[in-house]
Protein chains: 2
Amino acid sequence: MSVPTPGAPAAHRTGRSTAVRGRRGGQAGSREHILDTARKLFAEHGFEGTSMRQVARAAGVDPAMVHHFFKGKDELFAHSVELPADPEQVLAGVADADPDRRAELIVRTVLRLWESPAQAALLAFLRGSIGSKAKTALLREMVERRVISRIMASVPGPPEEVALRGNLVATQVVGLMMVRYVVRLEPLASAAPDEVVQLVAHTVQRYLTGPLT
Amino acid sequence: MSVPTPGAPAAHRTGRSTAVRGRRGGQAGSREHILDTARKLFAEHGFEGTSMRQVARAAGVDPAMVHHFFKGKDELFAHSVELPADPEQVLAGVADADPDRRAELIVRTVLRLWESPAQAALLAFLRGSIGSKAKTALLREMVERRVISRIMASVPGPPEEVALRGNLVATQVVGLMMVRYVVRLEPLASAAPDEVVQLVAHTVQRYLTGPLT
DNA sequence: GCTTTAATTCATCAGCTGATGAATTAAGCG
DNA sequence: CGCTTAATTCATCAGCTGATGAATTAAAGC
């Protein structure tokens, strides 16, 4: 927060200078470059397998720069994976869709996200989150409260059953992400998104609103 | 290999002593204790997140002991996760089962394995394998050649289609493992194995032999 | 040109990492 | 008892880790 964007200074009604005075921040594209590099490395080697010095070296930057922009490794990691982690925005249309036709939209949304430039960040987030028990707990919290709740919005049925259905949807979607983007099994990893949607949406729809047994 | 089990020495036909002479190996239950401890830590914190010294400390043992029994960290990790990784044995009956009824057996086998004492080792293996790109490649090789090939044995259809079906089965099974045992979403994580089989076997069977679209 | 602010660099810290080799102790056996 | 073998400990290595604080340089506005 409070990253001053270059542009019109604040007060110029009176002659008094309330404007920012010194050098402007976020200029010589280092911060973003460091973040991009960190994303790639976290995606490849996970959280523990990546060091700040590796990031600095790969970014062609002094190690102290990384600490200058981000207090520590945790904050660097957090900023590396925060962009794609706005489920509210990504799942905007899902909660409004008719539950009986929601599956295709869900799968399509997941695929679009993973095919986007956010892939490295998502991989980093996944590798980091699965790497340890503590981080997995945070992932669980996030998935439960911010993803599944939205996906299951206005799905009819007793709460316990809806929760179970949400879990089942998760098994298929998580499995798809793992096989296609993490483990990269062929031919699924190279299949066209439309084909993938056709293959798994049916299952997701059954878990959402179909018969459970 | 060549870990001398206490028991009858070799040659005793002649009076010549070809028998083992000195102290017997594998005694003061340290090796196994170290392995158990390593399994737990690898399962909790992943490969990179676990150090030999941590293992030694948790096992109440000098760090050099760990190096004495296992040449290095890689070998320690390999031995920590080797027990459950014998797909040939675990999947013994699957390849022989009728493809049209194979799904339930597959899911049941997976659940039995994960509910067994091997769980810690499996978690360690999974966390380690997903932790980095290089280790994920080994996982892919192993899954393709030793698991999926067996699961898809004698499933009819063109090779490309069978391969795709194998991938789809993997999405559901991997997703189930991730949600139930790694992320532990409720209520699925606490559901009875039989119930889980009923819930997902249908999907697996469709991917195995049912219509694909 | 002076000041303010931020970007950038340098030197340095204590702590942990994986690893090695020598020394010590304990068990089994003749 | 001595011999052999393995378990166990100790001291030590170079290298990397995350982190800090001071010094330097560059931009932006007065």
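To find a chain, count down the sequence lines: A is the first, B the second, and so on, and within it residues start at 1. Since this is a predicted model, take the numbers as computed values, not measurements.
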Is B:T136 reaching over with its side chain to a backbone N or O of A:V183, donor-acceptor style, under 3.5 angstrom?
no

Please state whether the phosphate of D:dC16, meaning OP1 or OP2, lies under 4.0 angstrom from any side-chain nitrogen or oxygen of A:Q54.
no

With a 4.0 Å cutoff (strictly under), does any side-chain N or O of A:S51 reach OP1 or OP2 of D:dC16?
no

Donor-acceptor pair between B:S149 and B:E144 side chains, under 3.5 angstrom:
no

Under 4.0 Å between a side-chain nitrogen and a carboxylate oxygen: does that hold for B:E115 and B:R180?
yes

Closest to the B:M65 side chain, choosing from D:dT17, C:dT17, D:dT9:
D:dT9

Calculate the interatomic distance between B:E75 atom CD and C:dG18 atom C1'; express it in whole Å.
14 Å

Starting from P on C:dG15, measure out to CZ on B:R57 and report it in whole angstrom.
14 Å

Its dot-bracket string being built from Watson-Crick and G-U pairs below 3.5 Å, with | for another strand and [ ] for crossing, DNA chain D has the pattern ||||||.||||||||||||||||.||||||

Just call it for A:E48: base, sugar-phosphate, or nothing, with non-hydrogen atoms closer than 4.0 Å on any strand.
nothing

Rounded to whole angstroms, how far apart are CZ on A:F70 and C1' on D:dG18?
16 Å

Would you tabulate the nitrogen or oxygen pairs shorter than 3.5 Å linking the protein to nucleotides 19-23 of chain D?
{"residue": "D:dA19", "atom": "OP2", "partner": "A:H67", "partner atom": "NE2", "Å": "3.3"}
{"residue": "D:dA19", "atom": "OP2", "partner": "A:K73", "partner atom": "N", "Å": "3.1"}

Heavy-atom neighbours of A:K135 NZ exceed 12 at 6.0 Å:
yes

Please determine if A:K73 forms a cation-pi arrangement with A:F47, meaning its NZ or CZ atom is less than 6.0 Å from the six-membered ring centre and no more than 45° off the ring axis.
yes

Do B:E161 and B:R165 meet the salt-bridge criterion of a basic N to acidic O distance under 4.0 Å?
yes

Distance alone, cut at 3.5 Å: any donor-acceptor contact between the side chains of A:S154 and A:R102?
yes

Just how far, in rounded Å, is P of C:dA26 from NE2 of B:H68?
16 Å

Flag side-chain contact, heavy atom, 4.5 Å: A:L164 against B:E195
yes

Distance-only side-chain donor-acceptor flag, B:Q172 / A:T171, under 3.5 Å
yes

